[in-house]
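Data first, discussion second: the structure below is written as structure tokens.
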Amino acid sequence: MMSSSSSGSGKKFSVLVVDDDPVIQRIHRVFLDRFGFETQVVGNGKEAVDLFCSGASFHLVLMDWDMPIMDGPKATRELRRMGVRSMIVGMTSRDRDSEKQEFVRAGSDDCCSKPLTSNTVTSLLQQLHTKYH
Amino acid sequence: MLLGLGANQLLADMNRLLSLLFHQGVLDEQFLELQQLQDDSSPNFVYDVVNIYFNESEKLLSNLRGLLVDKEFSDYKKMGKHLNQLMGSSSSIGAKRISNICLAFRAASDQNNRPACLRALEMLENEYCYLNNKLHEFFQIEQQRVLAGGVRYPIQQQQQQPPQQQ
């Protein structure tokens, strides 16, 4: 079930979960920890932007859409404007193609529907290995 | 020996209840994904997540009702945000029927159809109550099973040992 979650240097892949829902925060943290990621969680897009501004970096950002203060597409645009090259994946309960496309237009690499599943994480790991090896 | 049988019976009761909920379409395989994440390092993971879900969902349902009872209500965008959150968390714990009702609710909201939204909200509240009751029943049985499996009767020896709980 679990693929290797280490980057080329043997270090773990790091992931930032950006979501204001405590249920999602808890599930995603445990899910990703179980797959061997180093996981950090913030509650909205502004916190994510501030974290990157402070010098933090992550291999992967899982970005929710609807959040207070700064939503997912806006935070994604801001991160890309800052030059952040992390893999950003929108996570949304909106299953409409037009909205997924908006996330991608904002600069995300992909957009997935919730819930997060083992198959989704495995696919993300494969993409990360391709990107960072 | 008797307690082992009790724990086994309770496990069978848990599995029967879960099968029923799956058969009814109340839960889907995402609930199994959560169970697979539970281990010795997070032994109460499913219970904790479900309780967080119920706490948050009650607030969201209350917000939705608060919006809809106002006959002059028009902030469908705000309602859509509450619905998206409820749908996201419901699907993440495997609450399939609730997620499906949220979809229908959102469709009504997209059409600014207040009567249809009210009907959907009522269905949602009923479904939430049912899921709440059934999952709390599930966790009660699980707790009884853990207790039944951990308590040992004193063995009849020359020196009586007090029962030990794990």
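In what follows, chains are A, B, ... by sequence order, proteins preceding strands, each numbered from 1.
Residue B:Ser42 touches chain A through its side chain alone, counting heavy-atom pairs closer than 4.5 Å. The part of B:Gln30 that comes within reach of chain A is its side chain, from C-beta onward, which places non-hydrogen atoms under 4.5 angstrom from that chain. If you measure heavy-atom distances from B:Ser41 to chain A, the contacts under 4.5 Å come from the side chain alone. Within the 4.5 angstrom heavy-atom criterion, only side-chain atoms of B:Leu103, from C-beta onward, approach chain A.
We find that B:Asp39 and A:Arg34 are joined by a salt bridge, their nearest charged nitrogen and carboxylate oxygen being less than 4.0 Å apart.
Distance alone, capped at 3.5 Å, is enough to place a donor-acceptor pair between the B:Arg97 side chain and the B:Gln24 backbone. Distance alone, capped at 3.5 Å, places no donor-acceptor pair between the B:Arg106 side chain and the B:Asn84 backbone. No side-chain donor-acceptor contact under 3.5 Å links B:Arg145 to the backbone of B:Leu11. Side chain of B:Ser19 to main chain of B:Asn15: a donor-acceptor pair is present (N/O by atom type, distance under 3.5 Å, no hydrogens or angles).
For residues 19-27 of chain A, the interface with chain B (any heavy-atom pair closer than 4.5 Å) comprises A:Asp20, A:Asp21, A:Pro22, A:Val23, A:Ile24, A:Arg26, A:Ile27, sorted by residue number.
Among B:Ser91, B:Cys102, B:Gly88, B:Gly94, the residue making the largest number of heavy-atom pairs under 4.5 Å with chain A is B:Ser91.
Across B:Asn132, B:Asp13, B:Leu17, a single residue satisfies side chain to side chain contact (heavy atoms under 4.5 Å, CB included) together with B:Glu137, and that is B:Leu17.
In terms of heavy-atom proximity, A:Asp109 sits nearest to A:Ser86 at OD2-O, 3.7 Å.
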message = Run the side-chain hydrogen bond (donor to acceptor under 3.5 Å, both in side chains) test on A:Thr117 and A:Thr120 for me, step by step, so that the C-alpha distance in whole Å, both residues' side-chain angles and the decisive distance to 0.1 Å come before the verdict.
response = CA-CA 5 Å; A:Thr117 64; A:Thr120 305; 2.9 Å; yes
